[in-house]
Amino acid sequence: MGPPDDGKRSLDGLSGALEYPDSHWRSLTYFNTYRIAVAFVLLVATTALGKSLLLGSWNQPLFISVSVAYVLFSAMSFATIVARRPGFPVQLAIQVCGDILFIVLLLHASGGISSGLALLLLANLAAAGIISRGRLTLFFAALASVAVLLEHTYEVLFFYGSYTMYVQAGLLSIGYFATAWLAHALAKRAVASEQLAAQREVDLASMAQVSQLVMQDMQDGVIVVDSRGVVRQMNPRAEELLGPAPRPRELLLKDYNPGLAARLARWQENPEAGFDPMRTILTQKVTAARFVPVGHQDNQGVVVFIEDLTRIQMQAQQMKLVSLGRLTANIAHEIRNPLSAINHATELLQEESGIGETHRRLLQIIHDNAQRLDRMVQDVLRLNRRDRAVRETVVLGDFLRNFALQFCQIEKVPEEVIRVDLRTLPSVSFDRSHLNQIMWNLCRNALRYCRREPGSVSVIVEAGAATGTIELSVVDDGPGVAESLRAHLFEPFFTTASSGTGLGLYIAREVCEANGASLNYVERQAGAQFTVVMKHT
């Protein structure tokens, strides 16, 4: 059984060690140390300087015997305190009663109240009241007063004591009660302060825990930096956005992220300064930094909030496309029928004989644009059904080999143009039609910009960086994507091709997310690379 909380009694009430906390026993040990020191000093003083100090002036052998007994009593009290047997209240009562007994005997051996030894009981009563938190304090004061009065009465009756000393005995008794009452009041205040401190400690611990949970679950990264630029605290989201942080004794922000440290320095010079979004070096994520001072003084540190602009942009796009998808889906259904009629009529006109070259070229323009509009309608309809994923176990090796053959036949390119590199042979849980749609979009883009030589388009399957993941990459040997266009790759209706709809990559990413995967553009020195990260079964 672990130790109980301070100030709480155990339910069984059988063991003093369990009823009172360590602080009570520690105070009792200090009290007993004071007791043995007083007893030892009295013993040494009466042995060496007894006559000059009037210690034991009436009965020096009795004084020495009582002093020795007092030292032994104090030593035995140490043993009972260590053993914590008997309980705390019993030990305290025995020790205080022993103090009263021994000091009154020493008082009697030194000539009574006039010796001044009765003042020693003031310190004992005060200590007993504080240690016991005010319990039995007035009882101990009454016991000391009665003992002093009885001792003086005994002197008056048997040793020619003076009646006038009753006044001094009465004043001592008043002092005992005053000391006991003061100790009682101080003890009550100490108990109240302890309870308030304990409650504040619980509240602070709860607030700290809540703050920790809030920081852990925040979507934004949070970094707490002190006035010296030392990182004091950082939540996991900040490390996801900026990269893992080293763990030195003191991590400086300028060592962890120099760009962020430079922005912080500029903000400290001019709090009204604005900052452009920055791309992190390790994670290549577009982020924005917001600085909030801690307190009202400049030297108390700063809280840095790191916002993931990519996530915010995606959320904004999702909100716009929810409404747009409903509208375009209805429009697409209405457009599809007349568009099919136009396309069919154009094909019939092209088959007629006797039409001129100019008319034939115009008919081809109508046909091509009708086909383009039909593809756009189909993409819009797929966009509206992107979340309807029916997953199944797909063997990537067989699927990709068959896909490469079909793709080359339909696109009328040599089979050598696409090279399938299987560095692992996994199975994945994916909607087969969705995976086919993704591969068509990625491979068509790669074929559009590659050199169309053997191996110009590579489909690579390898183990992912994260445990349990597979990376499916489509790489071409074309000029790659210009840096100015990379931020817009997955935006809907963004295209650089005159015949494109601008929905291919966007739909591919949406379909990946519907299957628990992700699609990203990977920067490389030559060519373009798009990688699908998925979980294997």
Side-chain angles (χ1 to χ4, degrees), residues 27-46 50 53-59 62-77 81 89-156 159 161-162 164-187:
S27 300
L28 191 60
T29 303
Y30 296 151
F31 183 27
N32 196 60
T33 303
Y34 162 77
R35 177 183 297 112
I36 197 171
V38 170
F40 187 75
V41 168
L42 289 175
L43 177 61
V44 173
T46 191
L53 294 179
L54 301 179
L55 296 176
S57 57
W58 278 16
N59 192 339
L62 176 62
F63 191 95
I64 295 175
S65 300
V66 172
S67 298
V68 172
Y70 199 13
V71 171
L72 295 176
F73 172 77
S74 302
M76 290 178 60
S77 297
I81 292 172
V90 176
Q91 288 205 42
L92 180 62
I94 292 174
Q95 291 179 19
V96 175
C97 291
D99 290 333
I100 295 173
L101 174 63
F102 287 117
I103 291 178
V104 169
L105 289 176
L106 293 173
L107 177 71
H108 174 71
S110 300
I113 294 175
S114 59
S115 66
L117 290 178
L119 295 174
L120 292 175
L121 286 175
L122 292 173
N124 292 71
L125 292 174
I130 295 174
I131 293 173
S132 65
R133 301 298 191 264
R135 296 175 182 176
L136 299 177
T137 307
L138 296 179
F139 170 75
F140 294 145
L143 191 63
S145 300
V146 170
V148 170
L149 289 172
L150 287 177
E151 189 279 332
H152 184 64
T153 301
Y154 181 78
E155 289 184 7
V156 170
F159 292 97
S162 174
T164 59
M165 297 302 293
Y166 274 112
V167 177
Q168 189 171 354
L171 293 175
L172 278 173
S173 299
I174 294 174
Y176 292 157
F177 278 99
T179 302
W181 182 260
L182 179 61
H184 176 72
L186 292 176

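Everything numeric here is computed off the predicted structure, so don't read it as measured data.
- The two residues L120 and I103 make their nearest non-hydrogen contact at CB-CD1, 3.9 Å.
- When all heavy atoms are compared, the tightest approach of F140 to A93 is CZ-CA, 3.9 Å.
- Here the closest heavy-atom approach between residue F73 and residue Q95 is recorded as CZ-CA, 3.7 Å.
- Note that CG of L106 and CG of L117 are 6.5 Å apart. Values are rounded to the nearest 0.5 Å.
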Exercise for review: Verify side chain to side chain contact (heavy atoms under 4.5 Å, CB included) between L28 and N32, making sure each step is shown before the conclusion.
Suggested key: CA-CA 6 Å; L28 191 60; N32 196 60; 5.8 Å; no

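- Taken from CD1 in I113 to CG in L149, the straight-line distance is 7.0 Å, to the nearest 0.5 Å.
- Between the CG atom in L105 and the OG atom in S67 there is a gap of 10.0 Å [rounded to 0.5 Å].
- Heavy atoms from other residues, nucleotides or ligands lying under 6.0 Å from CZ of F40 number 12 at most.
- Across all their heavy atoms, L125 and T137 have their closest contact at O-CG2, 4.4 Å.
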Exercise for review: Begin with the C-alpha distance, continue with both residues' side-chain angles, and end with the deciding distance and a verdict on side chain to side chain contact (heavy atoms under 4.5 Å, CB included) for H184 and L138.
Suggested key: CA-CA 8 Å; H184 176 72; L138 296 179; 5.7 Å; no

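- With rounding to the nearest 0.5 angstrom, the CG atom of L119 is 7.0 Å from the OH atom of Y176.
- Across every non-hydrogen atom of H108 and W58, the tightest pair is O-CE3, 3.8 Å.
- Here the side chain of E151 pairs no donor or acceptor atom with the backbone of L107 at under 3.5 angstrom.
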Exercise for review: Test side chain to side chain contact (heavy atoms under 4.5 Å, CB included) on F102 and L42 and set out the steps.
Suggested key: CA-CA 11 Å; F102 287 117; L42 289 175; over 6 Å; no

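- Of all heavy-atom pairs between S27 and I131, the closest is O-CD1, 3.6 Å.
- Relative ring orientation between Y34 and F31 is described as parallel, the plane-to-plane angle staying below 30° on a 0-90° scale split at 30° and 60°.
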